[in-house]
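Here is the naming used below: chain letters follow the sequence lines, and residue numbers restart at 1 for every chain.
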There are 2 protein chains.
Amino acid sequence: MTTAPTEKTARRIEATAVELFFREGYPKTSIREITSALGLTPGALYNHFRSKEELLYAIVSKTHAAIEQTLEEALLRAGDDPVRQLWEVTRSLTVFYTEHQKEAIISKQEYKRLPDPHPAEMLSSERRIRRTVERILERGVRQELFHLTLPGGREADIPIMAKAILDQMINAGVWFRPDGRLGVADLADQYAGLLVQMAGVAPDVARAATLPSTGRA
Amino acid sequence: MTTAPTEKTARRIEATAVELFFREGYPKTSIREITSALGLTPGALYNHFRSKEELLYAIVSKTHAAIEQTLEEALLRAGDDPVRQLWEVTRSLTVFYTEHQKEAIISKQEYKRLPDPHPAEMLSSERRIRRTVERILERGVRQELFHLTLPGGREADIPIMAKAILDQMINAGVWFRPDGRLGVADLADQYAGLLVQMAGVAPDVARAATLPSTGRA
DNA sequence: GGTCCATGTCAATGGACGTTCATACATCGG
DNA sequence: CCGATGTATGAACGTCCATTGACATGGACC
């Protein structure tokens, strides 16, 4: 009845909640803050979400779905070469995490507070993603494209490498500032390059894999 | 008057707070939870800390000091070789973050909530640490020990590399479980190896630097 | 033995929180 | 034109919160 709903109110609530959950954290953000930022009273929120928790779940579950979709598309684009696959996956996810840094950080940080079936869902989604990366690494090692002997003399452990790689891309999102020195594409190329190098891909192998770059040059 | 203070009460409060802040987050943890876990009433806490915020500050500032000290000791141990320096720093900090995961994560996550001189202190501490890593990388590049051309053809950006390296070690602390498959020393060797490799150290250069390892083999 | 100080209890205060509910309006299909 | 439906209000609720201040107590030290 009040203002022009050029955008559906439920989406505006979600967008505001993302902003505030990101800035203040989920527990410290009150329903009153969210609604009054939209010129509404607290009760109005309950026409769109059953509870504060359900609002959080709406954000978190959409984000997880988007991550899995991004991963899937990257694999389709990559073809069969494990080097190319690792490159595409790290690049695409870095782009995702920088472009959706707020939702991603909220999801990572607050999913544990959801009511009880949900945290397990999120963990299993994370596990699927990790297994995908592990399989890329395993194939790459079998084809002798990745070099597993680390500086220091030890053999690299594939599950640890997969975790290290995935953690790294979220971190790009944590500190990325859209007004910073580098754009999303530059940053993604940097991270993809660093992570492929971390996986022990020799320079000549990388050259042979013809890795595309979205950024200029 | 009540129980035997085999340990000073202030330290017991800090230890309990670390546990609860880590599990539930700072805003959701109440003074009542902390004190009643020790068999005390809420008021007792105010004999040791002026406020909940000051309790958080006690934890966070100690942790930052310990990180800087760890870094300093690692540099002393490393001598002049940039490869060896990077190895020592990454290994030592990975060990620190896994052994003090709770305090470290609390510090990283909640320092922004402190009253106003403090967040700036924490940021400048972080900046000092990052500059140290950047200097190691710069020297290593000047001596042609680190190889800056990434897979994909781009030149690696040193500030980004430094951020990526430092973020990585915190993450080891995030998911490390003391009862897991690998111990602290194994994990630290893995991470140090991966990060030195990420910095573009060629295998023969690494061999020449005689990197020590604390773990077996 | 008396005094003091550190440390604790207990009760209270004022505010903020998530959520509910009866009520009102506005829009739109029939 | 009318009722139904979706949406917002505003006031209340019960609960929990951090913090305070008056009071008790026990050990350390003179």
To the nearest Å, give me how far apart [atom1] ([X]) and [atom2] ([N]) are.
X: Leu56(B); N: dT19(D); atom1: CG; atom2: P; value: 12 Å
X: Ile31(B); N: dT20(D); atom1: CD1; atom2: P; value: 11 Å
X: Lys8(B); N: dG27(D); atom1: NZ; atom2: P; value: 17 Å
X: Glu54(B); N: dT19(D); atom1: CD; atom2: C1'; value: 14 Å
X: Glu53(A); N: dC17(C); atom1: CD; atom2: P; value: 17 Å
X: Leu40(B); N: dC10(C); atom1: CG; atom2: P; value: 11 Å
X: Arg12(A); N: dT7(D); atom1: CZ; atom2: P; value: 13 Å
X: Ile13(B); N: dA18(D); atom1: CD1; atom2: P; value: 14 Å

Taking 4.0 angstrom as the limit, do [X] and [Y] come out as a salt bridge?
X: Glu138(B); Y: Arg131(B); result: yes
X: Lys62(A); Y: Glu14(A); result: yes
X: Arg91(B); Y: Glu88(B); result: no

- Parallel, tilted or perpendicular, as decided by the 30° and 60° cut-offs, for the rings of Trp175(B) and Tyr191(B):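 The arrangement is tilted - the two ring planes meet at 30° to 60°.
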- Task: Looking at every strand, decide which applies to Thr35(B) at a 4.0 Å heavy-atom threshold: base, sugar-phosphate, or nothing.
- Result: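 Answer is nothing: Thr35(B) stays at 4.0 Å or more from every strand.
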- Item | Given dT9(C), dT19(C), dA8(D), the nucleotide with the shortest approach to the side chain of Pro42(A) |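 Nearest nucleotide to the side chain: dT19(C).
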- Message: Nearest to the side chain of Arg32(B), heavy atoms from C-beta on, is which of dC17(D), dC10(C), dG18(C)?
- Response: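 The listed nucleotide nearest to Arg32(B)'s side chain is dC17(D).
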- Kindly state which residues belonging to residues 43-52 of chain B come within less than 4.0 angstrom of DNA chain C, counting heavy atoms of the residue only, listed by number.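 Per residue number, the list reads Gly43(B), Ala44(B), Asn47(B), His48(B).
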- Message: Can you tell me if Thr9(B) touches the phosphate of dG8(C), counting only side-chain N or O atoms and a distance under 4.0 Å to OP1 or OP2?
- Response: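 Answer yes for this pair, as a side-chain N or O of Thr9(B) is under 4.0 Å from OP1 or OP2.
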- Is the distance from OP1 or OP2 of dC17(C) to the nearest side-chain N or O of Ser30(A) less than 4.0 Å?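 Affirmative; the distance criterion is met.
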- Query: Checking side chain to side chain contact (heavy atoms under 4.5 Å, CB included) for the pair Phe96(B)/Met169(B): CA distance, chi angles, key distance, verdict?
  - Reply: CA-CA 9 Å; Phe96(B) 180 90; Met169(B) 294 173 297; over 6 Å; no
- Message: Listing request: all salt bridge (Lys or Arg N to Asp or Glu O under 4.0 Å) pairs with a residue in residues 119-129 of chain A, at least two apart in sequence or in separate chains.
- Response: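 Every pair satisfying salt bridge (Lys or Arg N to Asp or Glu O under 4.0 Å) with a residue in residues 119-129 of chain A: Glu68(A)-Arg128(A).
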- List the steps and the verdict of side chain to side chain contact (heavy atoms under 4.5 Å, CB included) for Glu19(B) and Lys102(B). CA-CA 7 Å; Glu19(B) 193 61 39; Lys102(B) 294 172 187 175; 2.9 Å; yes
